[in-house]
Amino acid sequence: MGPTLAANSTLPLLQVVQLIEIAEVFERIDVLFVLVLFLGLGAKMTAFYVGAVIGLTKITGVPYKIVTVLLGVCLYMLAFLSPNYPHHLWLGVKNVLTYVTPVFQVALPFMLLLTIWIRNKPAA
């Protein structure tokens with residue numbers, strides 16, 4: 001649909017799906033698309049949440065029921081951090097790309113690599 005649609009739309013893929021017509025019978029495919037999108041997003045968020053609970057339980061030794069509640073309360077409070085969608089995008093682009101992404105994509109893998117090298121180093 002072009003760079004103009006992508007630049008001026010919050011969800012350009014949804015707008016493209018709204019334009020799809022199959023044999024002049026199936027016209028409202030966007031409803032199905034949004035349903036699949038939300039189901040996928042829910043499954044992804046559930047997997048991340050379970051992974052975080054299991055990881056924090058193993059790291060801290062705190063029972064998983066307590067970690068589940070505390071992490072849920074933390075995430076609920078963090079959901080209200082941004083007052084609106086443009087602020088959310090600005091926060092993500094400015095802070096996440098600048099500070100969080102380098103840590104998780106460069107620093108932590110490098111530290112894990114060093115840890116593996118040190119643990120597997122043969123005794124002299």
Side-chain angles (χ1 to χ4, degrees):
M1 299 306 297
T4 307
L5 177 69
N8 294 328
S9 175
T10 306
L11 300 169
L13 184 60
L14 180 60
Q15 286 189 341
V16 170
V17 170
Q18 287 174 344
L19 299 175
I20 295 176
E21 291 182 17
I22 300 175
E24 296 182 11
V25 177
F26 302 108
E27 292 184 356
R28 297 287 297 183
I29 299 176
D30 56 328
V31 175
L32 180 64
F33 173 76
V34 170
L35 178 68
V36 170
L37 189 69
F38 276 111
L39 287 174
L41 182 63
K44 181 179 175 181
M45 289 173 52
T46 302
F48 281 151
Y49 187 71
V50 168
V53 167
I54 291 171
L56 284 173
T57 299
K58 289 193 183 276
I59 289 172
T60 61
V62 177
Y64 76 93
K65 290 181 181 180
I66 295 172
V67 172
T68 302
V69 172
L70 290 177
L71 189 60
V73 169
C74 267
L75 289 176
Y76 182 75
M77 291 188 316
L78 286 173
F80 297 105
L81 190 64
S82 294
N84 51 30
Y85 189 66
H87 182 267
H88 171 73
L89 290 178
W90 172 82
L91 189 67
V93 169
K94 175 145 175 56
N95 293 329
V96 172
L97 289 178
T98 306
Y99 303 112
V100 177
T101 301
V103 169
F104 282 101
Q105 291 188 355
V106 177
L108 285 178
F110 184 70
M111 287 172 37
L112 287 171
L113 182 65
L114 285 176
T115 304
I116 291 170
W117 281 348
I118 291 170
R119 285 189 176 189
N120 291 334
K121 187 175 182 180

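Keep in mind that this is a model prediction, so the values were computed, not measured. Numbers here are sequence positions counted from 1.
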Checklist entry - Linking I/L/V/M/F/W/Y whenever any side-chain heavy atoms sit under 4.5 Å apart, do Val103 and Val96 land together? => result yes

Checklist entry - Does Tyr49 belong to the same Ile/Leu/Val/Met/Phe/Trp/Tyr cluster as Leu56, with side-chain heavy atoms less than 4.5 Å apart forming each link? => result yes

Item to check | Option from Leu70, Val69, Thr68 for which side chain to side chain contact (heavy atoms under 4.5 Å, CB included) with Ile66 holds | outcome: Leu70

Item to check | Taking every non-hydrogen atom, the tightest pair across Pro102 and Leu97 | outcome: CD-O, 3.6 Å

Checklist entry - Taking the inter-plane angle between the rings of Trp90 and His87 on a 0 to 90° scale, is it parallel (under 30°), tilted (30 to 60°) or perpendicular (over 60°)? => result tilted

Checklist outcome for this item: What one should report as the nearest heavy-atom pair of Pro109 and Phe104 is CD-O, 3.4 Å

Next on the checklist: Do Leu32 and Phe38 land in one hydrophobic cluster if side-chain heavy atoms of ILVMFWY residues count as linked below 4.5 Å?
Outcome noted: no

Next on the checklist: With rounding to the nearest 0.5 angstrom, report the CG to OG1 distance, Asn95 to Thr101.
Outcome noted: 10.5 Å

Checklist entry - Does Leu75 share a hydrophobic cluster with Leu91, counting links as ILVMFWY side-chain heavy atoms below 4.5 Å and allowing steps through other members? => result no

Checklist outcome for this item: Heavy atoms of Tyr64 and Val53 approach each other most closely as O-CG1, 4.1 Å

Checklist entry - Would you call Trp117 and Leu114 a side-chain contact if the rule is heavy atoms closer than 4.5 Å? => result yes

